[in-house]
Every structure is written in structure tokens, then in C-alpha cells.
A.B. asks: 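What follows is a structure written as C-alpha cells; I'll ask about it next.
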Amino acid sequence: MARTIDRIDHASILDKLPDATNARFDAFDDRDAVECLQGTRTELLQQIMEWAMSPSQKCIFWLKGMAGTGKSTISRTVARSLKDTNHLGASFFFKRGEGDRGNAKKFFPTLTRQLMLMIPVLRSGVHKALHDDPDIVSKSLREQFEKLLLHPLLDLDQHGRQPQAAVIVIDALDECEHDQDVRNIIRLLPLLQKAKSVRLRIFLTSRPELPISIGFSEIANHGYQDLALHEIPEKVTERDIHLFLQDRFAKIKQDRNISQDWPGDNVIQKLVTVSVPLFISAATVCRYIENTIWEPKLRLTELLTDQAKYVSKMDKTYLPILMRLLDDRESDESEQQQLLQEFQDIVGVIILLADPLSINALSLFLGIGADRIGNRLNSFRSVLSIPGNRDQSVRILHLSFRDFLVQSGTKFHVDEPKKHKKIAHLCLKTMQNHLRKDICDLESSGTYRTDVGPQYIRQYLPLELQYSCRYWIHHLEQSQDLSSGIEDVLLFLQKHFLHWLEAMSLLGLISEVVGMLDLLRTVVLGDSNSVISEFLHDGTRFVLKNRQIADEAPLQIYYAGLVFAPRTSVIRREFKSELPTWICQFPQVEEKWSAELQAIEGHSKWVNSVAFSPDGRLLASGSDDKTVRLWDTATGGLQQTLEGHSGWVRSVAFSPDGRLLASGSSDNTVRLWDTATGGLQQTLEGHSGSVRSVAFSRDGRLLASGSYDETVRLWDTATGGLQETLKTNGIVNKLDFSQEGSYLITNLGTLDIQSGHENFASTSTHKNPAIFIEQGRWINMNGKSVLWLPPDFRPSCSAINGDLLALGHASGRVSFLRFHL
Ligand SMILES: Nc1ncnc2c1ncn2[C@@H]1O[C@H](COP(=O)(O)OP(=O)(O)OP(=O)(O)O)[C@@H](O)[C@H]1O
């Protein structure tokens, strides 16, 4: 065998096998290219070396990573380690635009040449191939591969050699011209596994571009393993970039004689944060600073204050990616224009989104088919992360890409303010198309947000709508010019303000609204349109007042929000038609938002007790302001103020015929008033403590009063004479006569009037009315929570008469609400 090889003129084979100049990892022209800094990529390099040496692993290791994540540096380091241990079969580092390194023409011959050096016995097979077909190197990739590589390798098997491990390192396959060649290479390489006498492995890196992803997906039985560099944990990349920056700054300090404490840990950390996950970004920063013409300290300060300085240096990374978009030689001028327009419409928008959207959401947002978006984005897989699933978000890998586009002076320049304006317009359009009252078709006006499942939110509020609701003001603000759009914004607000609040509440984002409205106010500040300013001012007050309930039960924006909004509120006026139709008498509300301007007639202090007259026409209220007031229930207007008590009025009750009103007070008296005239009829004295409760017997002859003195007294209403004093073991703060009048129903239990005997087995008097107050803050109608009561409308006491509800408030206000039952 040895003799056969000797006979072969090695030099003549090499003459006939073309070699791609500088394609090897250690080519002279790449002498400045670095390998991984000691301490970086440690786990990954170890993993690759273990794969290379283990007999049981997959034949191909595909390391993919976005532009500038450090793939070539890893390839170089891997190739070097393999060479040092005699396991490097061959290496080929593609490089677009650098002659033979930018295409596949000399790919297999170059690999063959190198493999022959490592495995000399290959020479005879290669020699034979070149002899049989002298033109083999200009034939198809498949023929070259089979004749120059595969067959000579398979021939070796016949000699029963001990398997030898050899690794081929292929870097940056994405930089190989012609997608078809790329796919062919990926299809052919796994066939090398057939060779048994040499255990060949292929370590291959590339950006995650489409032809390569498709190529790999075609490999049978998933005969490769892969790893995405941009997906390894951020902490790990952060650590490596930190080491890298420290090392480079140490060198700059040494070379330029700069003090030791420069630039400081904080600055390094800042640079790490802006760079992750791009090594290229960190390397660009360093190149910018170490430029020998300039002062490094000055350059760093400049860089930290003006990022544009280094973003422009990212041209080298980003421009080629963009230019490839227009690479297609077959496309004519108008097609190129269309591609550029679509780039602006799709990528231009993606880079300025405040939150990433999926292809499907983008399609609906932009009004461009999902297939078209998917196709256009395929050219940007090195800078955008584009998941296979069209419902997952498309993200930019590194902000420098966005910065580059908005600062670029090329035809790919994205005009930032203009684009923001366009996005704001798209947001408004999306909201106008979707927003409506009760967008999720909730069961009732009181449905809690927490009871609305996420699947409903997702179904009724698609992602592009969620996005629009959240960011339309942000984009307006960023557009820096509202002159032409203000009318549209006003029209939107006038129609959809409440719908938008509902959507934001459903999304759990109502707390962001006040800030958003503030921002919008600053945007329209210079505008002479005072209508919008007034709207926004009022809208802010409206949200401040209702955000708590909107967060709990979003539809209450239309109910509690409007019902309790001040009379002259812009929002109330604009959305009058949304006021609930099931309320026929609305509570009296303030004139304006500010509490100081409150001009409601009523008590000046806490209302303790309210009671309807038997015919329902009057309501009596007793207050800490020592007065009793009588109200016309039809209008809510004050009729009379009954003054006389010297202490808080704690309890009021009408006689069954409505002619008398009893009031119990902390001045220890009960007073009886003529409801027609408001005149005081009697003052019942005898209690030695505050009177907490009063009630008339069904025939009106008796009045019972419960007091802090732990007695209940019975009075003759005609004469005012004390009839009986019943001792109680506690304070009776609620009482009523039983139907036939023989006992009293109290908060302590029933009390036998004859014997004065207490029976603590309490009797329920709950009648389950059609309307009642739930947990002190909801109005429940026919079993459903329908109207939330804002804090200043929460009752300190309440009374119900058929369809009419009266509420006494801590503020002294008395409100009425009448419902359609
Ligand atoms: N581990 C490392 N140690 C030191 N420097 C590194 C390391 N990784 C990357 N770099 C630096 O970052 C620069 C960019 O890395 P590299 O060229 O390897 O990225 P890439 O992913 O191959 O980029 P592209 O996709 O554009 O080809 C390198 O030139 C080098 O300066």
C-alpha cells in the first residue's frame, strides 16, 4: 500500500485540485481574526469537543447564530483545538465577496486537498478520480462530492483500517452564494457517514437563514444536532462579553498609558448591557475607542453620550444583509421598488414597535398577507428572530439594527417620526374596526375581570388590537407632529373613549391610562383645538374616579362611571346615550368634578338613618349635623329641615299613616314631628343614653326606642307618655314590631313586649328584595351585581321602597336611584 502511494505523484494531484484561496481557518489573510478569549465560551467549546470525539454522536453539529453573535470566532477556536490534537480533517471559512470563499465552486476540492494531508491513503482514490475525469472539478457539486470525496473514502473501507476521527469545520455557510448550492452541500454532507474507516464529523456554523434551515429540515432522521447561539442563557453571554470588554480595555490602558481605574466597572457593565447578545457590538465599541488617531477617554465619553457614533460603525454588519434583499438579479426596477416599499412597510414597522408582534398579528395590523410578510422576513433571519410558529413574536435581535436603520443614509433609511405616525394611524384604524361596548359579550354589567378567562380576552381582543390600545398614544407622541391628525384623534375619542377604557380594563392595564392621557395632553398642548384639551382633562378625572372599579368590573365604566359622573362632565355629555336604561331616576351628582365646588343640598355631616314614608313620597334622613331632613323622592329635592335635637340624629321612622316622624338622638331624646308642617309635636324624654333605634307599632299607637342605656322604651304616640321600659342585655340598634305587635324584632333577638323576656334565637326578617346593597358597595338587582358605588356614593345607611333606593352617605349627601325592575 505504502508503495502505491509513493508512486502517485502527490504534486500532480494537488495541481489538479483547485484550492479556494484563504478559505482555511488559519489563512494568512485572516491572521488578525481572533479566537475565543480565554475563559469565554468555555461550556460551549467543551460541548463541541466532546461531540467531536465521541463515536456515538450525530455526524453534523450545526451551530447557528444571528449576525455578530460570535460564530466565526468559535469556529476558528474549534479548528485550532482540533488541529492541535490532530483531529482537524479540513476547514472552509466562507466569506461573501472574497473570491472563492464566497461560493461553492472550489468547496469540495479544497476539502479534499486538506483531507489528503491528514489521511494520505486517500490519495490513490483521488488520483483515480482525477484520472478518470480530468474535468471533475468543474462538474456539479454532487459529482465532485461523490468522486473526489465519498468514493475514495468508501474505498478505504475495503482495507479494513482502524477508524480514524477527523472533523471538517465549515464556517458561515450562509455566506456561500446561491441558495441551491447551500442546500446541496447540506444534503450531501451526511453521506460521509457511510465511510467506516474514517469517522468523519462536520462542524458547521451559519446564520439561521431560510435556505439553510430548509436544507437541514430535509436531512433524514434528523441526522444532525444543532444549537442556537443567540438562545443560550443571557447570563452566560453577558459573562463572556464582560470578560471580552475587560480584556480589551486592559489592553487599551496599557497601550495608551491610561490610568488603572478607567473606565470603571459601571461603564463596563453599561457597555455589556448595550451589547448583549452581540459580540460584534462589543467589538465595534472597542474598535471605536481604540482608534489610534483619537483619545480613548474622549471617544468613550462621546460614545456614551451619543450612541449614533458607534451605530454607524455597524454598517459593515447590517448593510450586506440589507443589500441581499435586492440581490435577485432577475428582478427589474419596479420589483426592486416594491421590495423596498415592502421593507419599509414591514421591517420599518417591526423595528419601531413598542412590543413585538407575531406574523399573524402583523398581517392583520398592517393589512398585508401573512405569507407575504413571512417571505419578506425570510431575508432578515440574521437580525430578526422569526419563529416557525406564526403566532409567536418576531423580535429584533439587537437594538443596534433599529438604530442603524433610523440613522442610515442609505435607501433603507427608516424615517422614524413618519413611521411612528403611520403606526399610530394603524393603531387608530385597528381600534376603530374592533372596539365596541361589551366587546367580550360578558354575562352582566357586574362581571368581574378575574372571571373573564384569558381565552376570551385573546378571542375578543386580538393581539393587534391589544397592541393598538396600549401603544397608540406612544406612537402619536413619537411622531412629533400631530398637526394633521388631531381631528382624527378627537373623533376617535368621542366615539370610542369608553370602549377603549373598557378594553384597557379587560387587559388589566387601566392603571396605565392616566399616564397615557397625560402624554396625549402634552402632545396636543400646542394645538388650538380646546375641545380635545377639555375632553382629555375631563377624561382624566373620569378615569381617576373609576379606575378601581374598571379594574374589577370593566363594564362599570358605562354604569357607575356615567351614573355618578358630574352633571357637566364632558364624558357624561358625550356618552349620554350609554347611560343605563334600567335606571329611571338618577342620583343627584355634583355639577363639576372638583369636590370643593360641590353644590348639593343636604346634611353637612354623616347620615345615620334613612326611612321612606309609607306612601313612598317622602324620605326622612337623620344626621350627625343634628337635623332631620325630608326629601321629595320623585325629584330628590329637599322639602324640610327639622331642627331641634341637640345631638346626632341616629334613627328615623315614619308612623304607618305617614303623619308622624320619630327621630332618636344622642341627646337621649326621641322627637315626634308632624310631617306635613315639619312642626315638633312631642319630645320624649326618659332614656339615659343615646337613642339608637326607633320604630312605630303597626297601628301607630306605640313607639319603641332602643338606647345605649340598654333599655327599650315604649311610648304612647298620642300622649307622649312612657308606657313601659324593657331591660336589654346590650344595645338595641335595630328594632321593629312584629306583625301582630306582641313582640319586638331587634338586633339582639326577639323581645316579648308583655313579659319583657328576651329570646335570642334571632328571627330572620330578610325578604330577599329585588334590589339590595351588596357588601356595602354594589347594587344588586334581580340577583346580579349591576351598579358599583364609588366611595363617595357608598351608603352609610340605605332604604328601599319598591323600585326606589335611597342612600345616606358619610358626606351628608342623600341620593336616590330608581330602577326599571
Ligand atoms: N469569544 C470571543 N472572544 C473574543 N472576541 C470575540 C468572541 N466572540 C466574538 N468576538 C469578537 O466579536 C466579533 C464578531 O464575532 P464573529 O465574527 O465571530 O461573529 P459572527 O457570528 O461570525 O458574525 P457574522 O454572522 O456577521 O459572521 C469578532 O470579530 C471578535 O472581535
Side-chain angles (χ1 to χ4, degrees), residues 23 25 27 29-48 62-81 91-98 101-102 169-176 182 203-209 212 226-232 236-252 268 271-272 274-291 310 313-324 379-385 397-398 400-401 404:
F25 88 97
D29 277 12
D30 278 352
R31 62 194 177 284
D32 289 336
V34 296
E35 290 171 22
C36 292
L37 174 71
Q38 189 77 33
T40 63
R41 305 296 194 193
T42 42
E43 300 84 353
L44 180 59
L45 290 170
Q46 190 182 347
Q47 184 185 350
I48 296 167
W62 174 31
L63 179 72
K64 51 187 168 178
M66 301 213 183
T69 42
K71 303 174 295 294
S72 298
T73 311
I74 293 169
S75 297
R76 222 170 281 119
T77 313
V78 168
R80 165 81 56 208
S81 308
S91 63
F92 197 107
F93 278 50
F94 282 99
K95 204 161 191 181
R96 188 176 296 274
E98 294 211 358
R101 294 176 67 185
V169 176
I170 302 167
D171 182 60
L173 186 58
D174 54 283
E175 298 206 28
C176 172
V182 168
F203 177 73
L204 188 153
T205 74
S206 80
R207 294 178 181 176
E209 290 182 1
I212 301 180
D226 62 355
L227 194 144
L229 204 47
H230 49 272
E231 283 170 11
I232 63 173
V236 177
T237 318
E238 209 175 292
R239 179 203 66 193
D240 288 356
I241 292 185
H242 198 273
L243 279 175
F244 169 80
L245 284 169
Q246 268 181 334
D247 177 72
R248 288 285 280 262
F249 271 93
K251 284 199 181 98
I252 299 174
I268 295 261
L271 296 174
V272 171
V274 295
S275 299
V276 166
L278 291 193
F279 253 99
I280 188 70
S281 170
T284 309
V285 166
C286 293
R287 262 201 300 279
Y288 182 79
I289 293 168
E290 65 200 8
N291 186 323
Y310 104 94
K313 309 281 177 224
M314 294 290 282
D315 280 30
K316 279 202 194 79
T317 303
Y318 293 133
L319 209 49
I321 296 173
L322 295 170
M323 292 309 290
R324 281 189 72 185
S379 312
F380 297 96
R381 287 178 173 263
S382 326
V383 281
L384 300 175
S385 145
L397 178 68
H398 194 254
S400 56
F401 182 56
F404 168 76

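Every number for a ligand or one of its atoms is a count from 1 in the order of the listing.
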A.B. asks: Is Arg80 salt-bridged to Glu35, cutoff N-O under 4.0 Å?
C.D. replies: yes

A.B. asks: Flag the pair Arg101 and Asp30 as a salt bridge only when some basic side-chain nitrogen lies within less than 4.0 angstrom of an acidic carboxylate oxygen.
C.D. replies: yes

A.B. asks: For the backbone of Cys36 and the side chain of Thr77, can you confirm whether one donor and one acceptor N or O come within less than 3.5 Å of each other?
C.D. replies: yes

A.B. asks: Looking at every heavy atom in both Lys71 and Ser206, which two are closest together, and how far apart are they?
C.D. replies: CD-O, 3.3 Å

A.B. asks: Counting only heavy atoms not in Glu43, do more than 12 sit closer than 6.0 Å to its CD atom?
C.D. replies: yes

A.B. asks: Give the protein residues with at least one non-hydrogen atom closer than 4.0 Å to an atom of ligand 1, ordered by chain and number.
C.D. replies: Val34, Cys36, Leu37, Thr40, Arg41, Met66, Ala67, Gly68, Thr69, Gly70, Lys71, Ser72, Thr73, Glu175, Arg207, Phe244, Phe279, Ile280, Ala283

A.B. asks: Please report the interatomic distance CG(Leu271) to CD1(Ile241), rounded to the nearest 0.5 Å.
C.D. replies: 11.0 Å

